[in-house]
Structures are given as C-alpha cells and as structure tokens.
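Reading through the structure tokens given below for one structure.
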Amino acid sequence: MLLQAVILFLILYVLPIFVGGIFARVDGRGSLPFRWVSGQFCLWAGFQAICVPMILLPRENSFANVIGMYGVFVAAMLLFSLALFVKRCAKEWRVYLVREKDTDRDMIARLLLVAVLLLLGIQLVLAVVLAYEEGDDAFYVAISSITTESGTMYEILPYTGGTTGLDARHALAPFPIWIAMLSRVSGIHAAVLAQVVLPVVLIVMAYAIFYLIGKRLFPDSRRKQLLFMLFLELLVMFGGQSLYTAENFLLVRTSQGKAVLADIVIPFLFLLFLILFEKLQNEEQPGTKYWLLIAVTMLTGCLCSTQGSLLTCILLGVGGGCAAVCYRKWKLIFPAAACCIVPVLMAVLYLYLD
C-alpha cells in the first residue's frame, strides 16, 4: 500500500511539477502551484492526443499500447523540461531564490489562513469519507474498472457487460481511461482511485488555481487574497442547491471529466486571460509558451468532455477578442484562432461519428 501511495504521489504531484518547468516563465513568477497545474495540463493534453486515435482505431492490447506510448511522452516532456532548465541556467549563470515579503506578523492574515486551511481540510475529509449516490458513476467508474481489467477501451457496455459499438460522445473524451491508466500503473483499484484518491488531488488543484487568480486580482493585499479564498470556500460548501452547480460538481462529482472541465479547466483559462491582460497592460508580448499553454488547456478541455471543445473555443474567442479590441492588438486573433483548430476538429469528428 505504501508503494502504491508513493507511485501516485510521484505521478500526480512530483511529475507535473517537473513537466511544468516548461511553462515556468508564462506567469512571470514561476510559482510552484502554477508549475504543478500547467504541468498536469500538459500531461492531460498528451494523454488525449495519444488515447483518442487508439480508441478510434482499436487494436489488440490497445490499452497497454496507450500506457506505453504515454510513458514515452512523459519521458520526452521530462527531458525537454530539463533541457530548458539547463539552458536557462547556462544563460543566466545564477539561479536566484525569490522569497515573498514576510507577512507572518500580520495576525489577521494568519487567522484568515488558518480558516482557509480548516475549511479546505473539512472539504477534503468529507469528499473522502462520505459516500454520495451519483448515477453517472455507474458508467464512468465502471468504464475505468472494465478498462483496467479487460485491457479494452469502450468496447464493453458497463451496464450489461456485453459488447458495444463505438460511442463517439465518450470515446472522444477519455477521462475515465486516464483514471484506468493510473489504476493500472499504481495497482490501486479504479473505484478507490476515483472515489477516494482523486477528489483529494483535484479539489486541491481547483483551489490552487483560484489562489493564483486571487493573487492576480489582489496583488498588494494578503488579507484580500485570503478573504477571496475564504468566501470562495463558503460558496462551494453551500453551493449544493442543485445537482448541476459547479460547486456540487467539485465536491460530489470530482473525478468525472465534466467536473474537471467546470472547476479546473475553465478557471485556468480565466487565469491565463488575466495573465494576458497583465502582459498587454505592461506592453509585453505573451510569447510562444503562453499560446502553447493555451493550446494545451484547450486540448485538456476536450479530454474532460465533448462539451469542452465548444466551451473552450467560446471562452477563448471572447477573451482573445476583448484583448484584441481593448489593447488594439489585432495580431492576437491569429494565435488564438490557431489554438482552436484541434477543438474544432474534435467537434467535427464528433458530428461525423455520431
């Protein structure tokens, strides 16, 4: 059990941080939460690019081939990140550790931090120990379990165990297959992984994104940042007035792809828009890595849900259009449009297969 926990910790925490070094300079600060989230998005996008063709062109041992190819992709990303780090160090000759201004003497900020961590801890504990009856888990968790046991992807109907044809809606958004991959690599059952382990990781990731957003909105006030997080946590805890709210998705349907789209992918897009506006305000260019991260985020949206291809394109069109009009940077339209190519192709493919 200890070995399984160590493997998952390396895959879900350590690995994304190292891969996220590719995008360390995108936010201008190189913060650890940003590296972790951006690295995980890169790994998710790579899994989407590998898994979907293997599902559409089924072969013998296709799931095992996905795991093997994904391992090669992860190794390539690690080497690329290492090469960028060596190049950066060789260019700058020195690596400076930047520490933020000490705010521990602010008693109010300290109390707010304790309250934020306490509410986060309560949510994590409740997400793990409480069993909630969610009908969609009968499909998504079953798909992950069947994939792990049989080695096939979307070829067995989870309700009856019989064979089935291609399901375009789910085949183009193979988030349950990613969970099955984690289960096969770590040795933890897919149901335990989806219902116990992943909620802890994904809820923390969601709040890490909102923490980064809060730092952008209130850059000069630690108290306002913590109040923002505290108010957000209260909204999440008491946001279950419907089965379809983003708050309910975060706490109850955490391991489902559409929950990741609503609570992680879309907020991260808003964070990237804030970074874009900040750069344009300072008369800086976003850079190639920024648009690469946007493209990675768009592809991750496709991994989570077929709706992701539509929603991410709409958001990028609105955000990129506002930036182009407000700052008169009309050239931004071209890289933004290029980032929409893959989601649009996924949407067209869905219409063709459905």
Point to revise | For Val192, side-chain contact (heavy atoms from CB on, under 4.5 Å) partners two or more places apart | key: Ile188, His189, Val196
Check your understanding: So Leu280 and Leu332, side chain to side chain contact (heavy atoms under 4.5 Å, CB included) or not? Walk me through it.
Key -> CA-CA 11 Å; Leu280 295 178; Leu332 294 176; 3.6 Å; yes
Taking the side chain as C-beta and beyond, is there a heavy-atom pair between [X] and [Y] under 4.5 Å?
X	Y	result
Thr147	Thr152	no
Phe63	Arg184	yes
Ile294	Met298	yes
Ile266	Phe270	yes
Asp106	Arg222	no
Leu349	Leu56	yes
Met237	Ile122	yes
Phe73	Leu43	yes

Review point. Residues in salt bridge (charged side-chain N to carboxylate O under 4.0 Å, His left out) with Arg216, at least two apart?
Key: Glu278
Point to revise | Which residues share a salt bridge (charged side-chain N to carboxylate O under 4.0 Å, His left out) with Lys258, sequence neighbours left out | key: Asp136
Does [X] use its side chain to pair, donor to acceptor, with the backbone of [Y] at less than 3.5 Å?
X	Y	result
Tyr154	His170	yes
Asp263	Leu250	yes
Ser81	Leu78	no
Ser62	Met54	no
Gln4	Gly187	yes

Revision key, fill the gap. Excluding Ile146, membership of its hydrophobic cluster (Ile, Leu, Val, Met, Phe, Trp, Tyr; side-chain heavy atoms within less than 4.5 Å) reads Ile156
**Study point:** Other ILVMFWY residues reachable from Leu57 by side-chain steps of under 4.5 Å
**Key:** none
Within the supplied structure, the quantity of interest is the number of heavy atoms (other residues, nucleotides, ligands) at a distance under 6.0 Å from [X] [atom1]; does it exceed 12?
X	atom1	value
Phe238	CZ	no
Gln241	CD	yes
Glu155	CD	yes
Tyr13	OH	yes
Lys289	NZ	yes

Provide the closest heavy-atom pair for [X] versus [Y] in the form atom of the first, atom of the second, distance.
X	Y	result
Leu316	Cys340	CD2-SG, 3.7 Å
Ala323	Leu276	CB-CD2, 3.8 Å
Arg35	Gly21	NH2-CA, 3.5 Å
Lys331	Pro335	O-CD, 2.9 Å
Ala190	Thr148	CB-OG1, 4.2 Å
Pro267	Phe210	CG-CZ, 3.8 Å

Review point. Using 30° and 60° as the class limits, which term best fits the ring planes of Phe175 and Trp178: parallel, tilted or perpendicular?
Key: tilted
Practice item. For side chain to side chain contact (heavy atoms under 4.5 Å, CB included), just list the numbers for Val236 and Ile203, CA-CA rounded to whole Å, side-chain angles, deciding distance to a tenth of an Å, and then say yes or no. Key: CA-CA 11 Å; Val236 170; Ile203 290 175; over 6 Å; no
Hphob cluster co-occupancy, [X] + [Y], side-chain heavy atoms under 4.5 angstrom:
X	Y	value
Phe334	Tyr327	no
Trp330	Phe277	no
Leu32	Leu10	yes
Leu235	Met229	no
Ile333	Val342	no

Check your understanding: Between Thr312 and Thr297, does a side chain to side chain contact (heavy atoms under 4.5 Å, CB included) hold up when you go through it step by step?
Key -> CA-CA 8 Å; Thr312 53; Thr297 305; 5.9 Å; no
Review point. Among Leu119, Leu232, Leu212, Leu202, which residue meets the side chain to side chain contact (heavy atoms under 4.5 Å, CB included) test with Tyr207?
Key: Leu232
Exercise for review: Let me know which of Val141, Thr254, Val128 forms a side chain to side chain contact (heavy atoms under 4.5 Å, CB included) with Gln195.
Suggested key: Val141
Nearest 0.5 Å, please: how far is [atom2] in [Y] from [atom1] in [X]?
X	Y	atom1	atom2	value
Tyr140	Ile177	OH	CD1	12.0 Å
Ser38	Asp27	OG	CG	8.0 Å
Leu227	Lys224	CG	NZ	9.5 Å
Ile22	Met77	CD1	CE	5.0 Å
Leu272	Leu293	CG	CG	5.0 Å
Ser186	Ile11	OG	CD1	6.5 Å

Check your understanding: Centroid-to-centroid, Trp44 to Phe47, below 6.0 Å?
Key -> no
Review point. Got a sec, which residues hit side-chain hydrogen bond (donor to acceptor under 3.5 Å, both in side chains) with Gln225, two or more places apart in sequence or on another chain?
Key: none
Exercise for review: Check the pair Tyr290, Gln285 against side-chain hydrogen bond (donor to acceptor under 3.5 Å, both in side chains), reporting the backbone distance first and the verdict last.
Suggested key: CA-CA 9 Å; Tyr290 173 83; Gln285 294 297 323; over 6 Å; no
Exercise for review: Output, in order, the C-alpha distance, side-chain angles, deciding distance and verdict of side chain to side chain contact (heavy atoms under 4.5 Å, CB included) for Phe228 and Tyr211.
Suggested key: CA-CA 8 Å; Phe228 171 76; Tyr211 167 73; over 6 Å; no
